[in-house]
**Q** 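Quick one: the structure is below, questions incoming.
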Amino acid sequence: MCRSIKTLRPPALPDEATEEEIRAAALQYVRKVSGFRAPAAHNREVFDAAVEAVAGATAELLVGLEVRGSRSPAAAARSS
């Protein structure tokens, strides 16, 4: 889809993805889907809301993923 969006889970990243990395990926996704690099003023609110929604969903996904039999530290902490 969008080659500039990088994988945000181990082993692609040695540590957990930062909020900044998650938001950058969400922004790239929304830009690609909407076809706008920067939205016009009348689209700014819905564009920004979409970025936040995608970032939230991405963070939730990363917390819940189980990679190669080892759960992320956040997921392991939840089940303890």
Side-chain angles (χ1 to χ4, degrees):
M1 174 174 203
C2 188
R3 291 186 179 133
S4 62
I5 298 175
K6 65 182 183 177
T7 302
L8 297 179
R9 63 160 180 82
L13 288 182
D15 297 315
E16 288 187 19
T18 64
E19 275 188 45
E20 185 177 306
E21 290 169 319
I22 290 170
R23 190 168 194 301
L27 178 60
Q28 287 298 321
Y29 175 80
V30 172
R31 284 176 172 167
K32 184 70 166 187
V33 170
S34 70
F36 295 114
R37 174 150 172 49
H42 63 277
N43 287 326
R44 171 61 63 188
E45 188 175 331
V46 71
F47 188 91
D48 290 345
V51 171
E52 293 308 313
V54 171
T58 301
E60 192 174 311
L61 170 68
L62 292 173
V63 165
L65 282 178
E66 196 171 317
V67 180
R68 293 186 182 158
S70 67
R71 297 177 65 165
S72 73
R78 280 198 326 259
S79 64
S80 300

**Q** From L61 CG over to L65 CG, what is the distance, rounded to the nearest 0.5 angstrom?
**A** 4.0 Å
**Q** To check you understand the geometry: which heavy-atom pair defines the closest contact between F36 and F47, and what is its length?
**A** O-CE1, 3.8 Å
**Q** With rounding to the nearest 0.5 Å, note down the distance linking CG in L27 to CD1 in I22.
**A** 14.0 Å
**Q** Provide the closest heavy-atom pair for A55 versus A26 in the form atom of the first, atom of the second, distance.
**A** N-CB, 3.6 Å
**Q** How close do E21 and E16 get, counting heavy atoms only, and between which atoms?
**A** OE1-O, 4.4 Å
**Q** Between CD of E20 and CZ of R23, what distance do you get to the nearest 0.5 Å?
**A** 10.0 Å
**Q** Going only through I, L, V, M, F, W and Y residues with side-chain contacts under 4.5 Å, is there a path from V30 to V46?
**A** no
